[in-house]
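Keep in mind it's a predicted model, so treat the numbers as computed, not measured.
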Amino acid sequence: ANNAKVVVLPTIAFGVNTGQIDVSLCMNMNPSTQYAVLKDIVQVLDAQNIRKLVIVNGHGGNNFKQFIRELSLVYPKVFICSINWWQAADYHPIFDEPGDHAGELETSAIMHLTPELVLPLSEAGSGSAKNFKVEGLKKGWVTAQRNWPSVTKDTGVGDPKLATKEKGALFFDAAVAHISKFLLELHDAQLDDMYE
């Protein structure tokens, strides 16, 4: 049996929603605020000789890569990495059309975890979304922020109609298994010997 010790810090409930600022009560935490919060957390970990931090991200608007790069210079003894939970397992065998925001994947996961938060699927929107007109942005080799009220009618991107709690359970269990395996491997990893 592996004796990995994992400490779970409190969840930070707000994320980057700069593209949804016109959506009623959609809260936003600016990237600079996220960086300040993360820096404070890493400062404490460093002072307490905790050398590994895994950010488990639950929101597509968040992007921690640049923060990790900058913090590696400020706190070089703390290894920081980030996991997007929805990318932790292969969704292809489970979902027909996973979607991007409140589509089949996310809706299935919420149906599994907290079904009381999901309205009847008969009330769900189609998940249709507009795309950029400019080719580079449309093809994805140029990135920009989406203005969600201009892109969607209800912020849904991807059709949730095929979502089921069973699919959500399959995907959630697979994601948990992959993340758990990663945490065990990272626990055993020596920070001064991370490359092969």
Side-chain angles (χ1 to χ4, degrees), residues 12-23 26-39 42 53-76 78-110 124-163 167-168 170-172 174-175 178-179 181-182 185-186 194-196:
I12 298 171
F14 298 109
V16 176
N17 280 313
T18 51
Q20 296 186 7
I21 207 72
D22 295 330
V23 176
C26 186
M27 297 292 104
N28 173 57
M29 179 183 278
N30 282 325
S32 56
T33 307
Q34 273 190 327
Y35 175 77
V37 170
L38 184 58
K39 184 176 180 186
V42 177
L53 173 64
V54 179
I55 302 165
V56 180
N57 181 36
H59 176 55
N62 298 334
N63 186 344
F64 295 98
K65 188 171 186 176
Q66 301 305 328
F67 303 159
I68 292 168
R69 288 176 185 217
E70 187 167 340
L71 287 170
S72 74
L73 297 177
V74 180
Y75 299 103
V78 181
F79 177 82
I80 309 167
C81 59
S82 177
I83 298 170
N84 294 328
W85 77 266
W86 66 92
Q87 295 174 325
D90 182 8
Y91 58 78
H92 291 95
I94 300 170
F95 302 107
D96 297 299
E97 191 180 318
D100 179 7
H101 192 255
E104 184 184 359
L105 187 156
E106 288 186 350
T107 303
S108 293
I110 297 302
S126 68
S128 63
K130 294 179 181 177
N131 203 342
F132 283 107
K133 292 179 178 180
V134 178
E135 185 175 348
L137 292 164
K138 186 186 301 187
K139 299 277 187 185
W141 60 271
V142 178
T143 61
Q145 175 177 272
R146 290 181 283 191
N147 179 291
W148 285 78
S150 298
V151 171
T152 71
K153 192 159 79 168
D154 57 9
T155 76
V157 179
D159 191 349
K161 298 276 192 314
L162 296 175
K167 290 178 182 179
L170 283 172
F171 185 74
F172 182 77
H178 285 182
I179 292 170
K181 181 180 180 212
F182 171 76
E185 289 177 359
L186 183 61
M194 291 287 285
Y195 305 98
E196 55 183 11

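- Every residue two or more places apart in sequence or in another chain that forms a side-chain contact (heavy atoms from CB on, under 4.5 Å) with Phe182 is listed here: Val54, Cys81, Ile83, Leu186.
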Check residues 136-144 and write down every donor-acceptor pair under 3.5 Å in which the side-chain atom is one partner and the other belongs to a residue at least two apart or another chain.
none

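- One finds the CZ atom of Phe172 at 9.5 Å from the CD1 atom of Ile110 (value rounded to the nearest 0.5 Å).
- Taking a 6.0 Å sphere around OH of Tyr91, one finds it holds 12 or fewer heavy atoms contributed by other residues, nucleotides or ligands.
- Residues satisfying the side chain to side chain donor-acceptor pair (under 3.5 Å) criterion with Asn57, sequence neighbours excluded, are Asn62, Asn84.
- Applying the salt bridge (charged side-chain N to carboxylate O under 4.0 Å, His left out) test to every pair with at least one member in residues 59-70, sequence neighbours left out, gives no pairs at all.
- Asp90 and His178 form no side-chain donor-acceptor contact under 3.5 Å, judged by distance and modelled atom types alone.
- Between Ile179 and Ala88, the shortest heavy-atom distance links the atoms CG1-CB, 3.7 Å.
- Contact detail for Trp85 and Ala109: the closest heavy-atom pair is CH2-CB, 3.7 Å.
- Rounding to the nearest 0.5 Å gives a distance of 6.5 Å between OG1 of Thr155 and CH2 of Trp148.
- Residues Ser108 and Phe171 are not in side-chain contact: their nearest non-hydrogen atoms beyond the backbone lie 4.5 Å or more apart.
- Remark: Leu38 pairs with Val42, Leu53, Ile55, Phe64, Phe67, Leu71 by the side-chain contact (heavy atoms from CB on, under 4.5 Å) rule, at least two apart or across chains.
- Under the 3.5 Å distance criterion, the side-chain polar atoms of Glu104 are left unmatched by any main-chain donor or acceptor of Gly99.
- Taking CD1 from Ile68 and OH from Tyr75, the interatomic distance works out to 15.5 Å, rounded to the nearest 0.5 Å.
- Counting all heavy atoms, side chain and backbone alike, Pro160 lies closest to Gly125 at CD-O, 3.5 Å.
- Here Ser150 pairs with Asn147 under the side chain to side chain donor-acceptor pair (under 3.5 Å) rule; sequence neighbours left out.
- Listed by chain and number, the residues in a salt bridge (charged side-chain N to carboxylate O under 4.0 Å, His left out) with Asp96 are Lys167 (sequence neighbours excluded).
- The side chain to side chain donor-acceptor pair (under 3.5 Å) check on Asn28 picks up Asn30, with sequence neighbours excluded.
- With sequence neighbours left out, Lys161 forms a salt bridge (charged side-chain N to carboxylate O under 4.0 Å, His left out) with no residue at all.
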Could you check His59 against Asn17 for side-chain contact (heavy atoms from CB on, under 4.5 Å), going step by step and ending with a plain yes or no? CA-CA 9 Å; His59 176 55; Asn17 280 313; 3.1 Å; yes
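- With rounding to the nearest 0.5 angstrom, the CD atom of Glu97 is 7.5 Å from the CG atom of Leu162.
- For the atom pair CD (Glu135) and NZ (Lys133), the distance works out to 15.0 Å, reported to the nearest 0.5 Å.
- A heavy-atom distance below 4.5 Å is not found between the side chains of Thr152 and His101.
- Remark: Trp86 engages no residue in a ring-ring contact (aromatic ring centres under 6.0 Å, His included) (not counting sequence neighbours).
- The shortest side-chain heavy-atom distance between Pro149 and Val23 falls under the 4.5 Å cut-off.
- Scored by the side chain to side chain donor-acceptor pair (under 3.5 Å) test, Gln145 finds Thr18 as partners (sequence neighbours excluded).
- For Asp100, the salt bridge (charged side-chain N to carboxylate O under 4.0 Å, His left out) criterion is met by Arg146, not counting sequence neighbours.
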